[in-house]
Amino acid sequence: MIAAKDTVVHISYVLRDAKGEILDESSVEDSFEYLQGHQNVVPGLEKAVEGRTVGDKIKVSLTPDEGYGDYDPALLRKVPKSVFPAKMRNPKKGEMLQIQEDGVWRVWTVEGTEGDNIVLNGNHELAGQDLHFELEIHGIRVASKEEIEHGHAHSPGHHHH
Ligand SMILES: [Zn+2]
């Protein structure tokens, strides 16, 4: 079986930055599975896996536009604390908030507070970075109807809903 849209792909990977530092990794035992063709992973990774098969080892380097996008300075914002509900007015640095704006949900990371403002960063932490992936494909299966409807893989031992 080959990796194509609506298949669930089990991979292990090591992600390094330009200096060779490990940013993220997942071993075989982590059983990281995702639904191919549904933007569950960055575009360049989907492209690299498409058409490949179990046992394939893939080494791929992605520019930001194939990864988490360019760093956008406009996504660094100061937002008055008063617009947040009382319990959210003193967030900790590094806390993530999901906020809907113009109908689009985005994850914002709290950079800190400045006076009466909360400083939020809507860039992904890996935005603007080249990503160097080494991965191996351990399994490929046809996704269930439910997984395709939900747009993500339902892996054993992971959350269910
Ligand atoms: Zn689901």
Side-chain angles (χ1 to χ4, degrees), residues 8-49 57-139 143 147 149-161:
V8 172
V9 187
H10 172 200
I11 59 170
S12 60
Y13 64 87
V14 179
L15 169 60
R16 291 188 175 85
D17 66 11
K19 286 181 232 147
E21 302 270 345
I22 294 176
L23 299 170
D24 190 18
E25 59 186 322
S26 178
S27 68
V28 190
E29 293 74 33
D30 292 335
S31 326
F32 175 72
E33 288 190 328
Y34 74 93
L35 182 60
Q36 176 78 358
H38 291 258
Q39 290 94 47
N40 288 182
V41 296
V42 295
L45 196 57
E46 275 206 330
K47 207 174 123 194
V49 169
K57 291 181 179 153
I58 303 168
K59 208 171 169 178
V60 67
S61 294
L62 309 179
T63 55
D65 64 308
E66 301 166 308
Y68 291 100
D70 286 319
Y71 188 90
D72 182 358
L75 290 176
L76 191 61
R77 304 252 184 93
K78 286 179 193 171
V79 184
K81 287 182 181 178
S82 57
V83 308
F84 291 95
K87 61 173 183 174
M88 287 170 67
R89 285 182 194 163
N90 284 298
K92 290 190 188 73
K93 184 174 158 60
E95 207 171 299
M96 314 265 231
L97 307 173
Q98 239 190 2
I99 298 169
Q100 194 182 24
E101 187 181 47
D102 302 326
V104 179
W105 284 97
R106 186 183 284 281
V107 176
W108 296 80
T109 307
V110 175
E111 296 276 333
T113 51
E114 272 183 37
D116 290 332
N117 293 312
I118 297 173
V119 184
L120 295 176
N121 194 338
N123 287 288
H124 188 279
E125 59 174 341
L126 298 177
Q129 290 207 41
D130 286 339
L131 308 175
H132 303 275
F133 278 100
E134 270 178 77
L135 66 100
E136 185 171 350
I137 301 176
H138 302 285
E147 287 175 316
E149 276 169 13
H150 286 200
H152 54 233
H154 291 164
S155 308
H158 286 219
H159 81 286
H160 213 76
H161 45 208

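- In this structure, Lys57 NZ and Leu135 CG are separated by 11.5 Å, a value rounded to the nearest 0.5 Å.
- Contact detail for Glu46 and Gly37: the closest heavy-atom pair is OE2-N, 2.7 Å.
- His10 and Glu33 make their closest contact through CB-CG, 3.9 Å (heavy atoms, listed as atom of the first residue, atom of the second, distance).
- Between atom NE2 of residue His154 and atom CG of residue Leu35 there is a gap of 9.5 Å, rounded to the nearest 0.5 Å.
- The shortest distance between side-chain heavy atoms of Gln98 and Met96 does not fall below 4.5 Å.
- Across all their heavy atoms, Gly151 and Asn40 have their closest contact at O-ND2, 2.9 Å.
- Not counting sequence neighbours, Lys47 has no partner by the salt bridge (Lys or Arg N to Asp or Glu O under 4.0 Å) test.
- Note that CD of Glu95 and CG of Asn90 are 10.0 Å apart. Values are rounded to the nearest 0.5 Å.
- The number of heavy atoms from other shown groups lying within 6.0 Å of CG (Asp116) does not exceed 12.
- Put simply, the side chain of Leu126 reaches to within 4.5 Å of the side chain of Leu15, judged on heavy atoms.
- No side-chain donor from either of Asp17 and Gln129 sits under 3.5 Å from a side-chain acceptor of the other.
- A pairwise comparison of heavy atoms in Ala127 and Asp70 identifies CB-O, 4.0 Å as the closest pair.
- In this structure the side chain of Ile118 never reaches within 4.5 angstrom of the side chain of Leu97, judged on heavy atoms.
- Here the closest non-hydrogen pair linking Val8 and Ala143 is CG2-CB, 3.8 Å.
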* To do: Take Asp24 and Tyr13 through the side-chain contact (heavy atoms from CB on, under 4.5 Å) test and state the conclusion after the steps.
  => CA-CA 8 Å; Asp24 190 18; Tyr13 64 87; 2.9 Å; yes
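- Note that CD of Glu136 and OG of Ser27 are 12.0 Å apart. Values are rounded to the nearest 0.5 Å.
- No side-chain donor from either of Tyr68 and Asn123 sits under 3.5 Å from a side-chain acceptor of the other.
- Side-chain contact between Val107 and His124: absent, with no pair of heavy atoms (C-beta onward) separated by less than 4.5 Å.
- Expressed to the nearest 0.5 Å, how far CG of Asp130 lies from CZ of Arg16 amounts to 15.0 Å.
- Each side chain to side chain donor-acceptor pair (under 3.5 Å) pair with one or both residues in residues 99-110, not counting sequence neighbours, appears once here: Arg77-Glu101.
- Residues Phe133 and Val41 form no side-chain contact, since every pair of their non-hydrogen atoms from C-beta on lies 4.5 Å or further apart.
- Of the inter-residue distances, the one linking Tyr34 atom OH with His152 atom NE2 reads 16.0 Å to the nearest 0.5 angstrom.
- Of all heavy-atom pairs between Gly67 and Pro43, the closest is O-CD, 3.8 Å.
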* Criterion side-chain contact (heavy atoms from CB on, under 4.5 Å) on Ile99 and Val79, from CA distance to verdict -> CA-CA 12 Å; Ile99 298 169; Val79 184; over 6 Å; no
